[in-house]
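Some notes on the structure that comes next.
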Amino acid sequence: MLLMAITRSCCIAFAAAALCLAADSSFTGVIGDDMCKGDHKTMGGTDAAKCTEECVSGMHAKYALWVGKDAYVLSDQKKPAQYAGKKVTVTGTLNGNELQVKTIKPAN
């Protein structure tokens with residue numbers, strides 16, 4: 001019984017360590033918000049940057065990176081503001097649909 005408890009504890013510790021050591025990845029897409037689903041036409045022809053800024057500031061949307069039809073909510077909600085509507089490369093760790101941001105840079 002004691003051996004099973006020790007084995008179980010070791011497995012949990014190794015699994016937690018593996019999660020902590022997850023490698024960073026790079027994702028290239030457009031900074032938008034998690035509300036408009038990448039399509040800003042419903043805002044009456046507003047451009048992507050303006051729509052994103054209005055949705056985040058006035059409608060409690062969150063900044064997200066749109067990669068094709070996939071959206072990843074960004075953990076950093078301040079730095080993306082300067083890139084609203086622009087193509088960027090975000091480096092970080094993906095956790096479900098949230099991207100833990102390490103860096104955001106303009107994409108080439």
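Sequential numbering from 1 along the given sequence is applied to the chain's residues.
A pairwise comparison of heavy atoms in A71 and A64 identifies CB-CB, 4.5 Å as the closest pair. Between A61 and D33, the closest heavy-atom pair is CB-CB, 3.9 Å. For the pair T52 and A48, the tightest heavy-atom approach, listed with the atom from each and the gap, is OG1-O, 2.8 Å. Scanning both residues, Y63 and A84, for their nearest heavy atoms gives CE2-CB, 4.5 Å.
A heavy-atom distance below 4.5 Å is found between the side chains of L74 and I31. Counting heavy atoms from C-beta outward, E54 and M59 have side chains that stay 4.5 Å or more apart. Taking 4.5 Å as the limit, every side-chain heavy atom of T93 sits out of range of all side-chain heavy atoms of N95.
Evaluation of the ring-ring contact (aromatic ring centres under 6.0 Å, His included) rule for Y72 yields F27 as partners, not counting sequence neighbours. With sequence neighbours left out, T28 forms a side chain to side chain donor-acceptor pair (under 3.5 Å) with T89.
Applying the ring-ring contact (aromatic ring centres under 6.0 Å, His included) test to pairs two or more places apart or on separate chains, none has a residue in residues 74-97. Legend: salt bridge (charged side-chain N to carboxylate O under 4.0 Å, His left out) pairs involving residues 57-68, not counting sequence neighbours: none detected. Residue pairs meeting the salt bridge (charged side-chain N to carboxylate O under 4.0 Å, His left out) criterion with at least one partner in residues 84-96, sequence neighbours excluded, are absent.
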Solution key, residues 99-108 side-chain donor-acceptor pairs under 3.5 Å, sequence neighbours excluded:
| unit_1 | atom_1 | unit_2 | atom_2 | d |
| --- | --- | --- | --- | --- |
| Q100 | NE2 | E98 | OE1 | 2.3 |
| K102 | NZ | D24 | OD2 | 3.2 |
| T103 | OG1 | T91 | OG1 | 3.3 |

